[in-house]
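Computed over heavy atoms, backbone and side chain alike; hydrogens, waters and symmetry mates excluded.
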Amino acid sequence: AQLVETGGGSVQAGGSLRLACAASGWGISSDCMAWFRQAPGKEREGVAAIDSDGITKYTHSVKGRFTISRDNAKNTLYLQMDLLKPEDTGMYYCAADLLKLDCNPDTYWDPRRSVWGQGTQVTVST
């Protein structure tokens, strides 16, 4: 089982990026999927999550700017990021958890039970 993130890069404040997370080795259709990020010197934080029914949840700081979506036919998770701010800079990771009942990016994700990607860097400059 593997997750691979792509789409990161450098952009000016106010710009947009679209991240993708491709899964291989299993089908994600029943999984809770999420995006996380970690800025240098800071703890990892949840950004957005989407459950198997397509219900989404976002951390407060990205509401109205980021959109999480999934394409189960392509076995891929996405994160559309608009109106980017310098504080959005960080390494972005996707994760999958088949058993997570509360599909929420702000709750605890057990690393022993979930699958994580290696990350893609997002840098937003002023």
Side-chain angles (χ1 to χ4, degrees):
Q2 187 178 15
L3 294 172
V4 177
E5 302 96 336
T6 56
S10 297
V11 64
Q12 288 189 325
S16 299
L17 284 172
R18 188 190 194 207
L19 306 183
C21 169
S24 60
W26 90 105
I28 66 169
S29 60
S30 298
D31 291 8
C32 168
M33 305 289 295
W35 288 97
F36 295 81
R37 65 187 179 189
Q38 187 167 20
K42 295 187 177 181
E43 292 188 353
R44 186 186 69 197
E45 66 169 343
V47 175
I50 183 168
D51 69 10
S52 58
D53 293 323
I55 296 173
T56 59
K57 293 183 180 178
Y58 298 91
T59 198
H60 179 74
S61 63
V62 306
K63 284 182 180 178
R65 300 189 297 121
F66 289 12
T67 303
I68 187 172
S69 63
R70 64 196 298 162
D71 186 334
N72 293 331
K74 295 183 178 180
N75 225 29
T76 301
L77 176 73
Y78 300 98
L79 185 68
Q80 177 67 41
M81 305 186 294
D82 298 316
L83 301 175
L84 282 161
K85 303 176 181 180
E87 51 264 44
D88 295 318
T89 293
M91 187 69 77
Y92 281 69
Y93 302 89
C94 63
D97 190 329
L98 176 62
L99 302 175
K100 190 167 178 61
L101 297 179
D102 181 14
C103 192
N104 190 323
D106 293 329
T107 57
Y108 176 70
W109 282 61
D110 191 340
R112 299 168 297 178
R113 197 181 68 195
S114 49
V115 180
W116 292 78
Q118 293 299 306
T120 186
Q121 178 68 35
V122 171
T123 303
V124 184
S125 60
T126 56

Could you report the tightest heavy-atom contact between [X] and [Y], atom names first, then the distance?
X      : Y      : value
Pro86  : Thr126 : CG-CG2, 3.5 Å
Pro105 : Ala49  : CD-CB, 3.6 Å
Gly119 : Met91  : C-SD, 3.7 Å

_Let me check something: do Tyr78 and Val115 share a hydrophobic cluster, defined by ILVMFWY side-chain heavy atoms less than 4.5 Å apart, either directly or through other members?_
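Result: no, two separate clusters.
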*Tell me whether Met33 is reachable from Phe36 by hopping between hydrophobic residues (I, L, V, M, F, W, Y) whose side-chain heavy atoms are closer than 4.5 Å.*
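Not linked; separate clusters.
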*Determine whether the side chains of Thr59 and Asp106 contain a donor N or O and an acceptor N or O closer than 3.5 Å.*
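Present: a donor and an acceptor within the cut-off.
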Between the main-chain N or O of [Y] and the side-chain N or O of [X], is there a donor-acceptor pair closer than 3.5 Å?
X      : Y      : value
Tyr58  : Gly64  : no
Asp97  : Arg113 : no
Arg70  : Ile28  : yes
Asp53  : Ile55  : no
Asp51  : Gly54  : yes
Trp109 : Asn104 : yes

Answer yes or no: is there a side-chain heavy-atom contact under 4.5 Å between [X] and [Y]?
X     : Y     : answer
Leu77 : Leu3  : no
Tyr93 : Leu19 : no
Val11 : Met81 : no

*Report the residues that fulfil salt bridge (Lys or Arg N to Asp or Glu O under 4.0 Å) with Lys57, sequence neighbours left out, ordered by chain and then residue number.*
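Lys57 satisfies salt bridge (Lys or Arg N to Asp or Glu O under 4.0 Å) with Asp102 only.
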*Which side chain to side chain donor-acceptor pair (under 3.5 Å) pairs, counting each pair once, include a residue from residues 28-37, with sequence neighbours left out?*
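For residues 28-37, and leaving out neighbouring residues, the side chain to side chain donor-acceptor pair (under 3.5 Å) pairs sorted by first residue read Trp26-Asp31, Arg37-Glu45, Arg37-Ser61, Arg37-Asp88, Arg37-Tyr92.
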*Output every pair passing side chain to side chain donor-acceptor pair (under 3.5 Å) with a member in residues 5-21, not counting sequence neighbours, ordered by first then second residue.*
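Sorted result for residues 5-21: Ser16-Asp82.
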_Tell me whether the count of non-hydrogen atoms from other residues, nucleotides or ligands lying under 6.0 Å of CG in Leu101 goes above 12._
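No, not enclosed.
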*Using a cut-off of 6.0 Å, state whether more than 12 heavy atoms not belonging to Gln118 lie near its atom CD.*
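Atom CD in Gln118 is not crowded, with 12 or fewer foreign heavy atoms closer than 6.0 Å.
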*Going from OG1 on Thr120 to CG on Leu79, what distance comes out if it is rounded to the nearest 0.5 angstrom?*
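Rounded to the nearest 0.5 Å, the OG1-CG separation comes to 11.0 Å.
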